[in-house]
Structures are given as structure tokens and as C-alpha cells.
Amino acid sequence: MELQAKKIYLDYNATTPLAPEVILCVSEALTNAWANPSSSSEIGQSAKELINQARKKVATMLNAKPSEITFVSGGTEANNMVLHTALKYFNSGSGKLGQGASLKPHILTTNVEHDAILLPLRHYETEKLADVDFVPVSMSSGQVLIEEIEKLIKPNTCLVTVMLANNETGVIMPVAEISRKIRELNEIRQKEGLCRILIHTDAAQAIGKISVDVEELGVDYLTIVGHKFYGPRIGALFVKEMAEDSTPLYPMFFGGGQERGLRPGTENTPMIHGLGCAAELVSQNLQKYQEAMKKTRDLLEKSLIVEFGENIIVNCDTALRLPNTSSVSFRETTMTGGEILSRCPHLMASTGAACHGTGKPSVILMASGVSCEDARSAVRLSVGRDTAPAEIEQIVQMLKLALKRD
Ligand SMILES: O=C(O)CC[SeH]
């Protein structure tokens, strides 16, 4: 009987499994914390306490305060809430501060953001609700350049949103430097009666892989996505509390008073408890996770280069990248990345973002400086905390076999 070859999962940027400890947390809360956290009963209040403990754990992971964490359904909701807030902030007058009433809010972002930023902003443009500039990232590194952002800032700019790390290339963006520059400009703008520019980063791909410290980043908002760091499929939004000038946050829908009325709806206690557990694991083990993923990812890239030589390139490898992500393109093949993966039945990876599908060359890769031909044959390999170095040789052999039959 032929031994069933073990299938290897290398798509951790698409989603991660729940850590065993998180599964225990979720199942424990499903069993014991089913009460309505808004109930005054003992079991209601114990459910509420689990939520408060989870808030503290997520805050600790980010060097934030618990009161700066609002639980939401996931990264898409968190991102949309920030964009919704920026428009309302500008249009409520507090943003306009002497702007002509005819001016629309202006938002700056990059051209490689996740669809949960790109598509809402394109919608705002279509609906004439905002002017948006999608700043092209460097075609040599895949990173956005601060000067490219700065030169596009206008009097009616009310938000700069830049992802902390790209999901397809792993490129880490200079968010802390961008924040520093924006805060300098905000001091000048305040004297000129111009609106404060709010700063957001979508940290979905970064948390659990690199250090994410809201004080170091200097952002007003930060998106947290549980299912990228072995947590449940819910999220949270960090909103900076400042003594002198509170950061606005407007609810997108209305109902009960949960989450201080900012995100109403009876809380999903088990998932929130699980998110807190996942956050605690990151706080306790980030360096170990980071080192393990980098060791495995670097071994993978080295082994692929030894095997394929000039017939493989690692995309955006000159930039600072996440320790677990590798976007590689195969040359001297007529196959697309999707066709290559279809010939590797025991390798579960992707050609790019899961939400983009595998049909066409990734626009994100091409925007990051990868040629159309290389984007066409690209494969994204994203390792996890427990991807074993011993699996690397199997992965290389699977790809070698797939390319051999071209
Ligand atoms: O696969 C990705 O890169 C993101 C999926 Se939300």
C-alpha cells in the first residue's frame, strides 16, 4: 500500500489554525461563559470578566491600554470603521477647520493594500465621498517611500493608512517613520487651521511575526486580525487615547451599549476569550516564533535557489520582509503559479492573496516591481510557527517534480 504522502500547509498568510491553547480557551468559554455579558447575573458578569481579561491581553501584546481596544468581527470591519470614521471626522467640521465646504475629505494610502482598504476607498471615490491617492510603492523594493506620501498631502487630507506588512510579498512598510512625519506636519497644520491627519495601519500580517508596539509605531488606529496569529476569526481595533486631543471613532451601526456603543451587538465571548489567549501566546513567545519562522523561511529560499539556480527569483528580497513570507517566481516555464501548485497535490500554498483567486498575475506583485512574466509564475510560500525544517526538502522536491514535467 502506497504510503500517503503528508500534505504540507504553507499558506499561513491566508489563515492560521487555532493554537491548541486557543481551542481550549474557546471551548471553555463556549461551555461556561455562554451568558449575556450585559446581564447583571453572576454568570453574566463572569462572561464580562472574560472579555475584560481578553482586552487586557490584546492591549499588552501591543503595548496599548485596555481602553484603547475595541472588539470587532475582523480586519475588514476594523478597516472599514477607520475609513468611516475619517470621513465623518472630516465632514463633521472638526476635520474641516476652515476648509471650504465644497472640499471632500482626502485619504492617502498605498497601491498594495489589502482589499479591505483598497475596495472601500474605491467605493468612496465612485460615490464621490472622498478623494483618494493610492501612492505607488517603490518598484525596486516594494516599500512605500515617505517622501512619496508627503508630496501628496493636501489641506483636506484627513487620513493616511498604510499596511504594516504586505500579505503577498511580506514587505514591511516604514509606518513608524510615516507617523513621525505626519505628526510633525500636524503640528504645523494645527497652526494653519487645517485638519489633523489621522494615521492608521492594518497590522493583520505583522502581529505574531514581528514586534508590533503602538507606541513605537505612533499610529492613531491599528487593525488586529485573530486568524493570522493562531487566534479565532474575529478582530479588534486599537484607537489611541490621547489626553489632549481624543482620537475620533464613530460607530458604523447602532444598537445596544456594547463596546461603549462603538460596536454594538451582544459580544462573542468565546471568540473574544480565544483572541485574548492568542494574544497572550504572542506576548510570551514572539521571539521564539519569529526566530523559528525566519530559520525555516530562509532555509526554504536557500534550498530553492540551490535547486533552481537562475530559474527562480525571490520577489522583493531587497526589502525588510516578514520572517515567514516568501514570494518566488519560476523562470523558463510556461506554467502559471496556479498550474505549478496544481502539480503539487501535497503542497497547500497560494499564488497570492486568498481573496484574489489564482487566475491572473497578481496586481500587488506587479505594483511591487515584479514583472508581469514573473508575477504570472509566482507562488507565495508562507511558513508557520511549527513548519519543520525537515519539511523543506519535501517542498523543494515537490516543486522540482512539478517543474520537471513542464
Ligand atoms: O491570503 C491572504 O493574503 C489574505 C487573505 Se484575508
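The figures that follow rest on heavy atoms only: side chains count, while hydrogens, waters and symmetry mates do not. Remember, it's 1-based here, ligands and their atoms both numbered in the order they're listed.
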Notebook entry, point to check: Is the closest basic N to carboxylate O distance between K154 and D131 below 4.0 Å?
Noted result: no
Nearest non-hydrogen protein atom, [atom]:
atom	value
atom 3 (O) of ligand 1	R380 NH1, 2.6 Å
atom 1 (O) of ligand 1	A354 N, 2.7 Å
atom 4 (C) of ligand 1	K228 NZ, 3.3 Å

Notebook entry, point to check: With atoms numbered from 1 as shown, which atoms in ligand 1 lie under 4.0 angstrom from a non-hydrogen atom of N13?
Noted result: 1 (O), 2 (C), 3 (O), 4 (C)
Notebook entry, point to check: Heavy atoms, side chains only, cut-off 4.5 Å: are P37 and T269 in contact?
Noted result: yes
Margin query: Tell me whether the count of non-hydrogen atoms from other residues, nucleotides or ligands lying under 6.0 Å of CD in E147 goes above 12.
Written below: yes
Next item on the list: Check whether more than 12 heavy atoms from other residues, nucleotides or ligands sit under 6.0 Å from atom CD of E373, and answer yes or no.
Entry: no
Check: With S327, which of I364, N166, L365 fulfils side-chain contact (heavy atoms from CB on, under 4.5 Å)?
Finding: L365
Check: Purely on distance, is any nitrogen or oxygen of H114 under 3.5 Å from one on ligand 1?
Finding: no
Check: Is ligand 1 under 4.0 Å from a heavy atom in the side chain of E168, in the backbone, in both, or in neither?
Finding: neither
